[in-house]
S.K.: 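Can you keep this structure in mind? I'll have questions shortly.
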Number of protein chains: 2
Amino acid sequence: MIKKVIDNGKKGVRYNLVLNERAQLVLHSIIENYIQSSEPIGSRTLSKTIGITLSPATIRNIMSDLAELGYLIQNHTSAGRVPTDKAYRFYVNSLASPPSIPQQIKEKISQVSNEQGSQVEAILAEAVRMLAELTKFACVVSTPKAAVSRLQRIELIKISEDRILVILVTKAGVVRDKIIFTKDSQSQEFLNSVAEFLNDKFKNHSMQEIREEIHESMVDDRNRYHDLLAHAIRLGKKAFELNQPGEMLIDGQMNLLLDSHFHEQSSVRSLIDAFDQKSAIMKILDDSMKYKGVHIFIGIENDLKQLQGCSLITASYRNNQNVLGSIGVVGPTSMDYKRIISMVDYTAKILSKTITEQSYD
Amino acid sequence: MIKKVIDNGKKGVRYNLVLNERAQLVLHSIIENYIQSSEPIGSRTLSKTIGITLSPATIRNIMSDLAELGYLIQNHTSAGRVPTDKAYRFYVNSLASPPSIPQQIKEKISQVSNEQGSQVEAILAEAVRMLAELTKFACVVSTPKAAVSRLQRIELIKISEDRILVILVTKAGVVRDKIIFTKDSQSQEFLNSVAEFLNDKFKNHSMQEIREEIHESMVDDRNRYHDLLAHAIRLGKKAFELNQPGEMLIDGQMNLLLDSHFHEQSSVRSLIDAFDQKSAIMKILDDSMKYKGVHIFIGIENDLKQLQGCSLITASYRNNQNVLGSIGVVGPTSMDYKRIISMVDYTAKILSKTITEQSYD
DNA sequence: TATTAGCACTAACCCTCACTGAGTGCTAAT
DNA sequence: ATTAGCACTCAGTGAGGGTTAGTGCTAATA
């Protein structure tokens, strides 16, 4: 029996991993039906909606084989079948590069770039909000990695006897501020010199590099006797210390709770915890920065237990220089991949465009 | 019959609005029971838990009277009774000033002030997160009102030919940054003079005042011919324009969705919308800044439809100079008022203390 | 040999119905 | 003024039965 389905024409090869065309069509059809209805698909309904004419019995045979190969499961004997993660993986792999997207949606997403003149964070917040609204799922975006972002400008401002305000502007247009405390009060003029020194030395260097270079300077004893230098190093150390714990913006978590797929399951609680902790999801986003274009994590593929039953669709955004971060959608594994993929893809593109225009290169 | 309950001892006064002592005790007991169990309270169960010995029948009579006076309602004939908003109002009014609070909780909340050296926003974020975690409800906090906060320092930094970074530091320690675009490029030296001028003129003035003064200056024609002044006014206008739309931080919305009280009702959706819009809740928070100490809005008392079924417990926080904002908890009307009130109260106090230490006065 | 029709079987779902238990209001007794 | 007793209400539970959408298997058919 199995031979029928898996045999790709060549006799003798019994366990061919490639599905024959008809099996593929059936599987495809089951998945698309299930995405629409969220209900187990039976042989009869399928025989109606599927393009070619196949009797329910034939379809049953095929389905039985697909089940054996791990693409479908049955919740109980007399129920229709439901796609597994493996099936979704097959499905998204079979999709061509990001499907087209309605003009209307395009325009909506493009509004993100109206945030012109706002800072990067505001743009990201708007993008993630918009995406959550459109997809009706939870959306996340990682802010530009501090480590890789390059310095455009540092500014030191004395705001009281013992406090100095540090302003960092990166090439990507991110502004960070932080207050540092000092024991010995310096004049603003002196701080200006220090800032000028730091600007000269570190402009265009990445934060990571800067931290390393400062660390080296500290080890070098000679610097101790140079007043300006010594102060610059001490202040610089504190200033660049702002180890932004790689921020992440979230929107639309609520959508997940209201989504019927999760409503039933008791997994909601743990899903929320996952969002609260951020770190785990952050890690996945970071991961996805490696990939070009849209990347998809399906259910069990992400090793985070709480995200079983969820798929994550991500796309990285960038400026001229670097990949900066990643934006993504978290939804049930049975989400409408075509729709969501195209939206994520397009949003990331708009994001890249908008941020590139804002950058200082 | 009614006479019995409402008659406070004096015969003849038939509709006295003050409940006699026993009726008060019964009502009190019903409310506390209901807060614990979230289930309609019947006469028999009550007769067991209430301190004094009263037969179910007697209690039924009293309850019937309380219902007639609007303190209780019955969902259906054969069900126990449930407190109304009016009852909760009676209840919280009868509570003495904020009840004491376990040492353990105190210590937990006090951790908020460990955020020392962070900026005000980080402290607020931490406070609201903590409060959400402790109360298991949704929590909100309004950031210091831009309009009333006083200028400590303004800084103008040229970061590219057509962009100027504006940094505002308020007395309360809030740092705001914004990028403004200019057509004619100015040197950093010139910007420094402008900033100095603005600092001299506006230090310690509130944002609101500054905006007004700038507006007046613009009307005054003479200023047109003074180069520095003219630029200062133009740049100042843009800089102080950042009409921060009175920000608000939210945490723990999820808690509400998971709360059984809301889970049943279909009102969840609209409740979420209320949080998404922010503006309405913001208004309530602003309102609450008028009151000293803890203030409580019960169900129908806040005219926001979506918040029917919710109570809001707020307390304002301040520095030496001004009331800055308000922190609050949103939960079901049947929440444990004693517990929540004390937490909100204590959190606001810690918040005030921490922020006062950070302020520049 | 591949496909299909037919049949027996399953399990979820829905409806109804009777029973139970917590509650009430009223009346009469204390 | 309080309480005991009684009749009544209604949500909730669980059992029984019919319906429906599905399955697997076997035998007939193209």
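What you are looking at is a predicted structure, and each value in this text was computed from that prediction instead of being measured.
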S.K.: Which residue is it: B:Thr135, B:Ile35, B:Ile341? I am looking for the one with a side-chain contact (heavy atoms from CB on, under 4.5 Å) to B:Asp336.
M.R.: B:Ile35
S.K.: Rounded to the nearest Å, what distance is computed from the CD atom of residue B:Gln74 to the P atom of nucleotide D:dT9?
M.R.: 14 Å
S.K.: I need the single residue from B:Asp345, B:Ile327, B:Val330, B:Ile296 that forms a side-chain contact (heavy atoms from CB on, under 4.5 Å) with B:Ile313. Which is it?
M.R.: B:Ile296
S.K.: How long is the line joining CZ of B:Arg44 and C1' of D:dG5, in whole Å?
M.R.: 13 Å
S.K.: With heavy atoms under 4.0 Å as the rule, sort A:Ala57 into base, sugar-phosphate or nothing.
M.R.: base
S.K.: From CD of B:Glu39 over to P of C:dA22, roughly how many Å is that when rounded to an integer?
M.R.: 11 Å
S.K.: Over how many whole Å does the gap from B:Leu54 atom CG to D:dT3 atom P extend?
M.R.: 6 Å
S.K.: Atom CG of A:Asp65 to atom C1' of C:dT3: distance rounded to whole Å?
M.R.: 14 Å
S.K.: To the nearest Å, how far apart are A:Leu46 CG and D:dT23 C1'?
M.R.: 14 Å
S.K.: Between C:dT24 atom P and B:Ile41 atom CD1, what is the distance in whole Å?
M.R.: 10 Å
S.K.: Is there a side-chain contact (heavy atoms from CB on, under 4.5 Å) between A:Leu307 and A:Ile284 once you walk through the steps?
M.R.: CA-CA 11 Å; A:Leu307 286 188; A:Ile284 301 177; 3.8 Å; yes
S.K.: Please state whether the base of C:dT10 and the side chain of A:Ser78 form at least one donor-acceptor pair under 3.5 Å?
M.R.: yes
S.K.: Between B:Thr58 and B:Asn75, which is nearer to the 5' end of DNA chain D once each is assigned its nearest nucleotide?
M.R.: B:Thr58
S.K.: With a 4.0 Å limit, can you tell me whether B:Thr53 has a side-chain N or O closer than that to the phosphate oxygens OP1/OP2 of D:dT2?
M.R.: no
S.K.: Would you tell me if any nitrogen or oxygen in the side chain of B:Ser55 comes within less than 4.0 Å of OP1 or OP2 on D:dT2?
M.R.: no
S.K.: To the side chain of A:Arg60, which of C:dT3, D:dT3, C:dG6 is closest?
M.R.: C:dG6
S.K.: With a 4.0 Å cutoff (strictly under), does any side-chain N or O of B:His76 reach OP1 or OP2 of D:dA11?
M.R.: yes
S.K.: Could you tell me which nucleotide pairs with D:dA28 by Watson-Crick or G-U wobble geometry, both distances under 3.5 Å, or answer none if nothing does?
M.R.: C:dT3
S.K.: May I ask you to verify if any side-chain N or O of A:Ser43 is less than 4.0 angstrom from the OP1 or OP2 atom of D:dG22?
M.R.: no
S.K.: side-chain contact (heavy atoms from CB on, under 4.5 Å) between A:Lys338 and A:Tyr91: does it pass, once the steps are laid out?
M.R.: CA-CA 10 Å; A:Lys338 279 188 194 163; A:Tyr91 178 70; 3.8 Å; yes
S.K.: How close do B:Met130 and B:Lys108 get, heavy atom to heavy atom, and via which atoms?
M.R.: CE-O, 3.3 Å
S.K.: Mind calculating the distance between CD1 (A:Ile30) and P (D:dA21) to the nearest angstrom?
M.R.: 18 Å
S.K.: So if I take every side-chain heavy atom of A:Arg81 and compare against D:dG24, C:dG25, C:dT10, which nucleotide ends up nearest?
M.R.: D:dG24
S.K.: Considering every strand shown, what is the Watson-Crick or G-U wobble mate of C:dT30 when both distances are under 3.5 Å?
M.R.: D:dA1
